[in-house]
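These notes concern the structure reproduced below.
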Amino acid sequence: MASAGGRGAASLTPSLTRPALALIGPGRAGTVLTRAWQRAGYPLVAVAARGPDSVARAHDLLGGEEPTTPEQAAEQAAVVLLGVADDDIAALTARLLRAGSLHAGQCLVHLSGRYGIGVLHAAQAIGVIPLALHPIMTFTGTSVDLGRLSGTPFGVTAPEQHRPIAETLVVEAGGQPVWIDEQARPAYHAALTVAANHTATLLRASAALLTESGVTDPAALLGPVVRASCDNALARGAPAMTGPVPRGDLTTLTEHLDTLSASPPVLAAYRAVALLTTEHAGDAGLLSPAAAHRIRALLTAPVGSPPADASP
């Protein structure tokens, strides 16, 4: 790949060298990806960090590069990685533009799942190449993550003419690009949040209930069944659904609602997820319309209400 440092363009075409890289905001994901690109031959020329945790993380994983300012970091590199929080991307980009630290031909990369390249529009207007590269995994911010990057899908949004650059960066970090249209980013990110973040929340609630039931090691009980459930759901889809909803078991559902009434937030989550399960089970033909109606009526009625009419 053609080397491009300083004020040069970020040409990512096959060659023996790689363009210079700067990291602004060494969070967990940004630091790990920077290390992966270092290992692929990208020279790290600057790190902009603030806060002791960020500085320590950068030092431990990336080596002895002394922290500098975002403006100075961006000026030195052909590929500028913004490893900051989602809400800070636009403001940081504007700050770099005001300082004259960005120029035509640079790659400006963010790792947010929420945003596409629209958040970098102001930089794109002066000829900067905007890239949204979202690794679909969770990070510890340590070297353990480097092995996990192999084969990891990245949700990628890039201008059509610059897709080869985005693909090269993802592949050289060990990942696989999955192209996401700009207008689809909100739905894409919401989907991942439901599956990953909310699953963690539900597991925590389940573990707390097991602890209240006298189980001393909730993870030992939850681990096998949750892993099997996820594997089956991903492999088979709706036919893999199990539990009282697809079975139409009103007695069990009633007992669950009564038990969970002591914890209103968990009860609300149970109702919401069970209602969604009812819709999916009905669509898949696992529940008759009448059975789905009875379940919906039970889940939306106050706890302790008499059974609803069975007719839809």
Side-chain angles (χ1 to χ4, degrees), residues 28 85-86 113-114 136-140 144 148 153 186-312:
R28 295 178 182 180
D86 292 2
R114 171 185 172 191
I136 307 175
M137 66 172 281
T138 57
F139 289 85
T140 65
V144 171
R148 295 173 178 166
Y188 155 81
H189 192 238
L192 295 177
T193 297
V194 169
N197 305 142
H198 294 173
T199 296
T201 300
L202 292 173
L203 284 173
R204 184 176 180 185
S206 296
L209 288 169
L210 287 172
T211 298
E212 293 172 8
S213 303
V215 175
T216 57
D217 187 2
L221 271 67
L222 291 171
V225 68
V226 169
R227 292 187 185 97
S229 179
C230 288
D231 288 345
N232 289 338
L234 291 171
R236 300 174 54 219
M241 297 172 68
T242 62
V245 169
R247 289 197 300 265
D249 192 341
L250 292 177
T251 301
T252 299
L253 287 170
T254 300
E255 186 176 55
H256 288 177
L257 295 174
D258 289 340
T259 299
L260 296 175
S261 63
S263 178
V266 178
L267 175 61
Y270 186 97
R271 287 182 187 270
V273 174
L275 281 168
L276 186 58
T277 302
T278 302
E279 298 306 313
H280 289 180
D283 291 343
L286 302 177
L287 283 174
S288 69
H293 171 74
R294 287 192 294 269
I295 293 173
R296 282 192 295 268
L298 174 64
L299 292 171
T300 55
V303 174
S305 298
D309 189 330
S311 59

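Just so it is clear, the values below take in all heavy atoms, side chains as well, and ignore hydrogens, waters and symmetry mates. Along the sequence shown, residues are numbered consecutively beginning with 1.
Rounded to the nearest 0.5 Å, atoms CG (Leu222) and CG (Leu209) are 10.0 Å apart. Here the CG-CZ distance, from Leu287 to Arg296, works out to 9.0 Å after rounding to the nearest 0.5 Å. Rounded to the nearest 0.5 Å, atoms CD1 (Ile295) and OG1 (Thr277) are 9.5 Å apart. Rounded to the nearest 0.5 angstrom, Thr254 OG1 and Leu299 CG are separated by 9.0 Å. In this structure, the separation between CG on Leu253 and OG1 on Thr278 is 7.5 Å, given to the nearest 0.5 Å. Between the CG atom of Leu210 and the CG atom of Leu203 there is a distance of 10.5 Å, given to the nearest 0.5 Å.
Other residues, nucleotides and ligands place no more than 12 heavy atoms under 6.0 Å from the CZ atom of Arg28. The neighbour count for Glu255 CD, taken as heavy atoms of other residues, nucleotides or ligands under 6.0 Å away, does not exceed 12.
The heavy-atom pair separating Pro224 from Ala219 by the smallest distance is CD-O, 4.4 Å. Across every non-hydrogen atom of Tyr270 and Pro244, the tightest pair is OH-CG, 4.3 Å. The minimum heavy-atom distance linking Pro218 with Ala207 is given by the pair CG-O, 3.7 Å. Of all heavy-atom pairs between Leu298 and Arg271, the closest is O-NH1, 3.9 Å. The heavy-atom pair separating Arg114 from Asp86 by the smallest distance is CB-OD2, 3.6 Å.
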Show every donor-acceptor pair shorter than 3.5 Å between a side-chain atom in residues 229-239 and any protein atom, with sequence neighbours excluded, or say none if there are none.
unit_1: Asn232; atom_1: ND2; unit_2: Ala228; atom_2: O; d: 3.2
unit_1: Arg236; atom_1: NH2; unit_2: Pro239; atom_2: O; d: 3.3

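The closest side-chain heavy-atom distance from Leu286 to His280 is not below 4.5 Å. Counting heavy atoms from C-beta on, the side chains of Thr199 and Val226 never come closer than 4.5 Å.
Side-chain atoms of Ser261 come within 3.5 Å of backbone N or O of Asp258 as a donor-acceptor pair.
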